[in-house]
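Here is the structure we will look at.
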Amino acid sequence: MAAGNQKSPNGTKELKSPVSVIAEDLPNVVPKIGSRVLGAISNQAQNNLKELQEDIKAGDPLRSISRIQEQTKEIAAEAKNVFSEVPEGLVGPAYTVLTQGEGYEIREYESYSVASTYMSKVDEPYSMDDLASGGEAFNALAAYLFGANDKKEVMEMTTPVATTSTGEMWFYLKEREGNDEFPSPMAENDEAFNAKGEVDIKSIESTTLAVSKFTGFATEGEVERQKDALMSSLAIDGIEIDVEHGSIVPHVVLQYNPPYTIPVLRRNEIGIPVRLGEKAEEEATTVDLSEKWAVEDGAETEEEENEEEGNEEEEEA
């Protein structure tokens, strides 16, 4: 329903309805995404069977029972996430809160790695209301984590799911010990499909973001409202946005919850790059100059008073 609006936010292009999007993409996308997901599930089943065989050979079949019990605990924890603002047992990128403002905080993120894919074809606009494209991107990244990679390795699910203003979706990849590299995504031969769903491993550099939270669902309209509110707060507090003058301000939307979490408890965030350090230096320079000028002004006043006293003495003489 959200994607069925007559015009996009900029008013220049009609958005496709979910039905038309699915009708166009279904013949090409479903077989490939379906094969990825089914392949990932198959990999998990093969790994579980392999672990059971190893336990039996090692004379310790009870270890498999322990694994089943652990999986049961994970399912119970996942059920609790329906009522949780932040999912239990999931990790995300490390950051430090530098300062807080009215309704936002400034975070310094360390560098981290992500599995990334685009939610639209090259040079095509993307809307948060395009649920079909968002679902395709999510499934492609989830399949990569669940074994659709060259090592058939199953990796841990993480949070949050990041969506950029350029139409990318990111899954954070949990850090590894040593220099162990992440497995490569499965290659696809269909160029039309790759333009929209090819998975790539990227390194995200350390950055400073101003971040504000909001609940509910992250629709295109809500994201724009939250972005405007955050930019207004930053302008009031004198926080400089880290973009070139006249450029479009980029943003990233962070979503922490599975789709079935109660809307009022959902945790969403929007982040904008800022220059906190440079601003602090500029403020310090301004204060120093003010103090210097104040001293100089005082000195000039004293000289003027001495000169006036000398003139009075000469007139009396």
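Under a 3.5 Å cut-off, the side chain of Glu108 and the backbone N or O of Thr208 do not form any donor-acceptor pair. With hydrogens and angles ignored, the 3.5 Å screen pairs a side-chain donor or acceptor of Asn149 with a backbone N or O of Lys151. Judged by distance alone, the side chain of Asp129 and the main-chain N or O of Thr219 form no donor-acceptor pair under 3.5 Å. Side-chain N or O atoms of Asn268 include one that pairs as donor or acceptor with a backbone N or O of Gly216 at under 3.5 Å. One N or O on the side chain of Asn257 and one on the backbone of Arg267 form a donor-acceptor pair closer than 3.5 Å. Without hydrogens or angle criteria, Thr117 side chain to Glu198 main chain gives a donor-acceptor distance under 3.5 Å.
Rounding to the nearest 0.5 Å places CE of Met231 at 11.0 Å from OG of Ser233. Remark: Thr159 OG1 to Gln255 CD distance equals 9.5 Å, nearest 0.5 Å. Rounded to the nearest 0.5 Å, atoms CD1 (Ile272) and CG (Leu230) are 4.0 Å apart. Note that the CD1 atom of Ile106 and the CD atom of Gln100 stand 10.0 Å from one another [nearest 0.5 Å]. Distance check, rounded to the nearest 0.5 Å: CD of Glu153 to OG of Ser184 gives 11.0 Å. Atom CE of Met169 sits about 10.5 Å away from atom CD of Glu136, to the nearest 0.5 Å.
Put simply, the side chain of Tyr172 reaches to within 4.5 Å of the side chain of Glu175, judged on heavy atoms. Counting heavy atoms from C-beta on, the side chains of Tyr144 and Ile201 come closer than 4.5 Å. Taking the side chain as every heavy atom from C-beta outward, Ser127 and Glu220 approach each other to under 4.5 Å. Proximity of Leu141 to Val199: side-chain heavy atoms (C-beta onward) are separated by under 4.5 Å at one or more points. Residues Val252 and Leu209 have side chains in contact (heavy-atom distance under 4.5 Å, counting atoms from C-beta outward).
Closest of all the heavy-atom pairs between Pro183 and Asp150 is CB-OD1, 3.4 Å. Between Ala218 and Val253 the shortest heavy-atom distance is CB-CG1, 4.2 Å. Closest approach of Arg107 to Lys213, counting heavy atoms only: NH2-CE, 4.2 Å. Gly103 and Ser212 get closest at one heavy-atom pair: O-CB, 3.3 Å. The two residues Asp237 and Glu102 have their closest heavy-atom pair at OD2-N, 4.4 Å.
Partners of Asp180 by salt bridge (charged side-chain N to carboxylate O under 4.0 Å, His left out), not counting sequence neighbours, listed by chain and number: Arg176. For Val243, the side chain to side chain contact (heavy atoms under 4.5 Å, CB included) partners two or more places apart in sequence, or in a different chain, are Ile241, Val249, Pro250. Residues satisfying the ring pair (Phe, Tyr, Trp, His ring centres under 6.0 Å) criterion with Tyr95, sequence neighbours excluded, are Tyr109. Not counting sequence neighbours, the partners of Phe171 by the ring pair (Phe, Tyr, Trp, His ring centres under 6.0 Å) test are Phe138. When the side chain to side chain contact (heavy atoms under 4.5 Å, CB included) test is applied to Pro160, the partners found at least two apart in sequence or on another chain are Pro93, Leu254, Tyr256.
Under the salt bridge (Lys or Arg N to Asp or Glu O under 4.0 Å) criterion, the residue pairs touching residues 202-212 are Glu168-Lys202, with sequence neighbours excluded.
The 12-atom threshold is exceeded at NZ of Lys227, counting heavy atoms of other residues, nucleotides or ligands nearer than 6.0 Å.
When the side chains of ILVMFWY residues are joined at heavy-atom separations under 4.5 Å, either directly or via intervening members, Val223 and Phe217 end up in two distinct hydrophobic clusters.
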